[in-house]
Peer 1: 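Got a structure for you, questions after.
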Protein chains: 2
Amino acid sequence: MTPEKTVARLSLYRRFLKLMRDEGAHSVYSHQLADMVRITPAQVRRDLMVIGYSGNPQKGYDVNLLIKHIDDFFNVSESVNVVVVGIGNVGRAMLSYFRNGKSHINVIAGFDTDPNKVDRVINNCPCYHLEQLPEIVKQNNIKTGILTVPATEAQNIANIMVESGIKGLLNFAPTRLKLSSDIFIEDVDITMHLEKVAYFSSGKQKKIGGKNV
Amino acid sequence: MTPEKTVARLSLYRRFLKLMRDEGAHSVYSHQLADMVRITPAQVRRDLMVIGYSGNPQKGYDVNLLIKHIDDFFNVSESVNVVVVGIGNVGRAMLSYFRNGKSHINVIAGFDTDPNKVDRVINNCPCYHLEQLPEIVKQNNIKTGILTVPATEAQNIANIMVESGIKGLLNFAPTRLKLSSDIFIEDVDITMHLEKVAYFSSGKQKKIGGKNV
DNA sequence: TCAATAATGTGAATTTTTTCACAGGGCTTG
DNA sequence: CAAGCCCTGTGAAAAAATTCACATTATTGA
């Protein structure tokens, strides 16, 4: 099965490929992609092997075709609807991040329990009371959620989401969610990332990395 | 040198240790920490080896002592000041994340170019015009920055930050910053994380992971 | 007192991830 | 047309990360 890291890098490749395409590029070499993602050309070629796309030893990879292959890998043809639960600062950022139509991923609703945030359009996205989540998630057959609530509430709300049919969570709450093992959880732990940076920028130790996540 | 991944996990361990301490726990076993961070007990023990803290085969690890050791590792005694550049949604989230005094890491200023955001206190944090960044960063000997500006501006602003003395960046802009190799860059690529979740929650493929970042 | 238990610490093994290094092949140049 | 380039694709090697597995050891309980 495709390793998580390859999946992650494929997503990055695609973004850069699209930028290149918009700048008029037609082909790209593995070393160019490698530069953009801070890895080695060999790694790029390895990753592309897993999606079964072959380039041309002279021209490298065809930008459009490669995008298409990665799109297929991510099954872009059917767009993915997601919900954001927790309309705080991070939640609002997520609403705007994924409401631009550039991606096949779209936030279709936000949820909160705060009356000031409910039944309104925030950052161009309709927001509802948490109570309405099960209904809306089921109706729209949503499988993916973004969780941006305080740590104390995260587990309860995650349970509700999973009961409603969510199969994967992007979790910003600094908590370990305990969910059935068939639920995919991606934790984004900002405090940890910042501690890393602080540690490696303090000059108390050698730099060893600085790769993408 | 301590690998990045170990540094990352140490940060996570510490957070959970503090939670446990607040709940009155005095000791903890490797398997408990492992549960919280979604790894194996052996991994936990390995990580703790690198900071040279030994537990007790009967009682496990002393929570307070272990926190203290990790604090020492991160050099918590001297607090770390950081700046946030770009007061959008993510930037505001960062201002509030690291302004609570719970961490040894504190945001001391935000920067933007938007007149509406400048020379005001936002989320309890003073915000200035970008022009003032070099001065403030130098005066306060700041080594760490959080970059939350649009991709198009990220490189320019990162350059300014580095010229002002910043040695490490937490970068949210979906761009590959090109900076001198002694600058530590931690990219947090939210689109990529969400694509991963969408991929693994679509049910089109087997689940293979769901680890912390 | 002594076996049984359950944890740590760690050398060794394993697995995963990354990199090397080179065969293959088509441009380009002289 | 042949030599030189500089790509890709990939087997094999290397490196990194993780896990195994067991010697060790304090405690418990009969």
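Order of the sequence lines fixes the chain letters, A, B, ..., with proteins taken first and strands second; residue numbering starts at 1 for each chain.
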Peer 1: Tell me which of B:Met49 and B:Lys59 sits closer to the 5' end of DNA chain C, going by the nucleotide each one is nearest to.
Peer 2: B:Lys59
Peer 1: Measure from CG on B:Asp47 to C1' on D:dT18 and round the result to the nearest Å.
Peer 2: 10 Å
Peer 1: Return no unless some side-chain N or O of A:Arg45 is found under 4.0 Å from OP1 or OP2 of D:dG9.
Peer 2: no
Peer 1: Grab the CG-P distance between B:Leu66 and C:dA7 for me, whole Å please.
Peer 2: 17 Å
Peer 1: Could you check how far CD1 of A:Ile51 sits from P of D:dG9, rounded to whole Å?
Peer 2: 11 Å
Peer 1: Whole angstroms only, please: what is the CD-C1' distance between A:Gln32 and D:dC6?
Peer 2: 13 Å
Peer 1: Specify the separation, in whole Å, of atom OH of B:Tyr29 and atom P of D:dA26.
Peer 2: 15 Å
Peer 1: Answer with yes or no whether B:Gln58 presents, from its side chain, a donor or acceptor under 3.5 Å of a partner atom in the base of D:dT25.
Peer 2: yes
Peer 1: If we ignore angles and hydrogens, is there a donor and acceptor under 3.5 Å between the side chains of A:Asn81 and A:Asn140?
Peer 2: no
Peer 1: Using residues 22-29 of chain B as the side-chain source, report each donor-acceptor pair under 3.5 Å to any protein atom, sequence neighbours left out, with the distance given to one decimal.
Peer 2:
from, atom 1, to, atom 2, distance (Å)
B:Ser27, OG, B:Lys59, O, 3.4
B:Tyr29, OH, B:Gln58, O, 3.3

Peer 1: Are B:Tyr199 and A:Phe73 close enough that their ring centers fall under 6.0 Å?
Peer 2: yes
Peer 1: Considering only D:dT19, D:dC7, C:dT18, which nucleotide approaches the side chain of B:Gln43 most closely?
Peer 2: D:dT19
Peer 1: May I ask you to decide whether B:Asp47 forms a salt bridge with B:Lys5, counting only side-chain N to carboxylate O separations under 4.0 Å?
Peer 2: no
Peer 1: Any carboxylate oxygen within less than 4.0 angstrom of a Lys/Arg side-chain nitrogen, looking at A:Arg38 and B:Asp187?
Peer 2: yes
Peer 1: Just the rounded figure in Å: distance from C1' of D:dG9 to CG of A:Leu48.
Peer 2: 11 Å
Peer 1: Could you give the OH-to-P distance, from B:Tyr61 to C:dG9, as a whole number of Å?
Peer 2: 4 Å
Peer 1: Please confirm whether any donor atom in the side chain of A:Arg46 sits under 3.5 Å from an acceptor in the base of C:dT19, or the reverse.
Peer 2: yes
Peer 1: With DNA chain D as reference, determine whether A:Gly60 or B:Pro57 sits nearer its 5' end, using the nearest nucleotide of each.
Peer 2: A:Gly60
Peer 1: Can a side chain N or O of A:Thr40 be found less than 4.0 Å away from OP1 or OP2 on C:dT19?
Peer 2: yes
Peer 1: Taking atom P of D:dA17 as reference, at what distance in whole Å does atom CG of B:Leu10 sit?
Peer 2: 14 Å
